[in-house]
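Counting starts at 1 for both ligands and their atoms, following the listed order. All residue numbers refer to positions in the sequence shown, counting from 1. Everything quoted here is computed from the prediction, not taken from an experiment.
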Amino acid sequence: MPDRVAIVGTGAAACGVADVLDDTTHEVTLFDKARGVSGRAATRRKHGCRYDHGANYAKPGDDDRFTEVLESFGDDGMHDIEEPIWVHDVDGHVQEGRDSDEHKWTYEAGITQFAKRVLDATDATVTLETRIEEFDREHGDDHSWSLVDVDGTRYDGFDAVVLTPPAPQTTELLAATDWTDDRLERVRDAAAAVDYRTIRTIVLHYDFHEEYPWYALLDPEQEHPVGWLAREECKPGHVPDSESLLIAQMSPDWSVAHYDDDTESAASDAAELVADLLDDDRYRNPDWVDSQGWRYALPENAADDADVRAAEDAGLYCAGDWVVGEGRVHRAFENGRRVGQRLVE
Ligand SMILES: Cc1cc2nc3c(=O)[nH]c(=O)nc-3n(C[C@H](O)[C@H](O)[C@H](O)COP(=O)(O)OP(=O)(O)OC[C@H]3O[C@@H](n4cnc5c(N)ncnc54)[C@H](O)[C@@H]3O)c2cc1C
């Protein structure tokens, strides 16, 4: 009998696990509470536009496999953003610099293509719109794991479980299990010790197009309320010609203060800040807006490696950007691959 592995999540880390296990006899099932795969590397479509409102692009990893996987799908719809990243400061001064990323990869159909393509290339079963609420370790001889979703449906008989939600959500899951074992407590404490930065993404659409020498502006000091401002029109297939769609990732302070504001009022506030930053009054009046709150956007620190792995001998694994302490698609994928390799061993 092949080992049965359950993965909670379908983001980059889960894709890394599934990518490794695809070359083995393991039978893999992924569960995600969302309607689509890919987690925080997210794309939305609205009014004829497509925009990446979580991770904006991926860059090459230290592990060649990430680049290899990206390239294995050919250049079908893959795009390397050519325009550079410039910087701005708290006073709104904009200048050249800080484009240290060799590649800025995304897809014409959006960054979710990465997860879609990785998972489509495997034999894994993907179960969407299934929020896992608790899991148990069966007693008796087989010691298998069961997952239970919010509707009370049980998924039994897994030899291993890999948890990939952001650390606070993984902590909740770990607190909701019946398994009483010191190892579980160690893993839970390791996840609970990871803090996350909150980001509210504001989407501003305009019916005009303006040329700039940059793709995005970044505030490296993190003092300006607009932490990151990107032009989705630099990605082919995202914004019709002669329109403009700005992705404003607001600073953690601004995001926390405005987290519960309705989209219209948060976007109106953000549009004022963007107009001031770009020194152009036209940006005060977007013709439509959107927003997404990412309460757990980017990890601030890494989990203790020994603690997070404390229950692996019992078949309980964790993977994700928080395990490595860096909010990056390629880092989450690489971490997932390392977990996959340990599972195989
Ligand atoms: C605003 C923003 C901008 C970013 N910009 C970049 C960037 O430009 N470049 C870059 O490389 N990285 C960027 N990142 C970081 C990058 O998106 C993440 O580091 C990476 O996607 C994390 O992948 P993951 O698999 O660890 O977690 P996730 O992608 O969060 O995957 C976890 C999955 O678990 C699912 N889940 C959670 N709880 C449950 C449950 N109870 N039951 C079932 N499913 C559950 C979620 O729906 C999700 O799909 C950005 C992130 C944000 C939020």
Side-chain angles (χ1 to χ4, degrees), residues 6-18 29-43 51-61 66 70 81 85 101 103-106 111-112 114-115 118-119 126-135 147-151 155 161-176 194 196-203 215-216 218 227-228 230 235 247-252 255 291-299 303 318-337 339:
I7 304 175
V8 181
T10 59
C15 289
V17 182
T29 309
L30 297 98
F31 299 89
D32 205 301
K33 63 184 170 121
R35 270 185 296 165
V37 301
S38 196
R40 277 169 281 158
T43 307
Y51 42 97
D52 299 324
H53 58 293
N56 280 222
Y57 62 85
K59 62 180 194 175
F66 182 70
L70 270 167
I81 304 165
I85 295 168
D101 291 346
H103 293 287
K104 301 188 283 287
W105 284 314
T106 183
I111 197 163
T112 48
F114 177 70
V118 172
L119 295 176
V126 178
T127 310
L128 296 173
E129 297 186 81
T130 305
R131 182 190 287 268
I132 301 302
E133 202 168 47
E134 59 181 275
F135 59 94
L147 305 185
V148 185
D149 70 17
V150 272
D151 300 323
Y155 305 88
V161 178
V162 186
L163 305 178
T164 73
Q169 293 168 339
T170 291
T171 307
E172 274 174 34
L173 267 174
L174 290 165
V194 178
Y196 265 79
R197 200 182 302 170
T198 295
I199 295 178
R200 187 157 182 191
T201 297
I202 303 289
V203 178
Y215 149 62
L218 164 78
W228 167 267
K235 301 173 180 174
I247 297 285
Q249 286 170 7
M250 307 306 287
S251 70
S255 297
S291 78
Q292 172 73 38
W294 300 101
R295 194 170 294 285
Y296 308 121
L298 303 170
C318 295
D321 59 355
W322 59 276
V323 176
V324 284
E326 194 184 342
R328 287 278 165 192
V329 173
H330 68 279
R331 297 284 279 145
F333 181 78
E334 287 165 0
N335 181 253
R337 279 189 52 82
V339 167

Do ligand 1 and [X] have nitrogen or oxygen atoms that lie under 3.5 Å from each other?
| X | answer |
| --- | --- |
| Trp294 | no |
| Arg131 | no |
| Lys59 | no |
| Ala14 | no |
| Asp32 | yes |
| Val329 | yes |

In the structure I gave you, are the side-chain heavy atoms of [X] and [Y] within less than 4.5 Å of one another anywhere?
| X | Y | value |
| --- | --- | --- |
| Lys235 | Asn56 | yes |
| Trp322 | Thr170 | yes |
| Ile132 | Leu173 | yes |
| Thr106 | Phe114 | no |
| Val148 | Glu133 | no |
| Ile202 | Ser291 | yes |

Proximal atoms of ligand 1 relative to [X] (non-hydrogen, under 4.0 Å):
| X | value |
| --- | --- |
| Asn56 | 5 (N), 6 (C), 7 (C), 8 (O) |
| Ala297 | 51 (C), 53 (C) |
| Ala12 | 23 (O), 25 (O) |
| Gly327 | 12 (N), 13 (C), 14 (N), 15 (C), 19 (O) |
| Gly320 | 26 (O) |
| Thr164 | 27 (O), 32 (C) |
| Ile132 | 40 (C), 41 (N), 42 (N), 43 (C) |

Seminar exercise, completed: Only residue of Thr127, Asp149, Thr29 satisfying side-chain hydrogen bond (donor to acceptor under 3.5 Å, both in side chains) with Tyr155 is Asp149
Exercise. Is the side chain of Thr171 donor-acceptor paired with the backbone N or O of Gln169 at a distance under 3.5 Å, no angle test?
Worked result: no
Where do [X] and [Y] come nearest, in terms of heavy atoms and distance?
| X | Y | result |
| --- | --- | --- |
| Ala13 | Ala319 | CB-C, 4.0 Å |
| Tyr196 | Arg40 | CE2-NH1, 3.6 Å |
| Arg331 | Val324 | NH2-CB, 3.9 Å |
| Ile247 | Thr201 | CG2-CG2, 3.8 Å |
| Ala6 | Leu147 | CB-CD1, 3.8 Å |
| Leu119 | Cys15 | CG-SG, 4.0 Å |

Give the residue, atom name and distance (to 0.1 Å) of the protein heavy atom nearest [atom].
| atom | value |
| --- | --- |
| atom 19 (O) of ligand 1 | Asp321 OD2, 2.8 Å |
| atom 51 (C) of ligand 1 | Leu298 CD2, 3.6 Å |
| atom 7 (C) of ligand 1 | Tyr57 O, 3.4 Å |
| atom 4 (C) of ligand 1 | Ala55 CA, 3.4 Å |
| atom 23 (O) of ligand 1 | Ala332 CB, 3.5 Å |
| atom 31 (O) of ligand 1 | Gly11 CA, 3.8 Å |
| atom 36 (N) of ligand 1 | Lys33 CE, 3.7 Å |
| atom 34 (O) of ligand 1 | Gly9 CA, 3.4 Å |

For this session: Over 60° means perpendicular and under 30° means parallel, so classify the ring planes of Trp228 and Tyr215, tilted if in between.
Result: perpendicular
For this session: Determine the interplanar angle of the His53 and Tyr51 rings, folded into 0 to 90°, and report it as parallel if under 30°, tilted if 30 to 60°, perpendicular if over 60°.
Result: perpendicular
Heavy-atom contacts under 4.0 Å between [X] and ligand 1: side chain, backbone, both, or neither?
| X | value |
| --- | --- |
| Thr130 | backbone |
| Gln169 | side chain |
| Ala13 | both |
| Gln249 | side chain |
| Phe31 | backbone |

For this session: Kindly identify the option in Arg40, Met250, His53 whose heavy atom sits closest to atom 30 (O) of ligand 1.
Result: Arg40
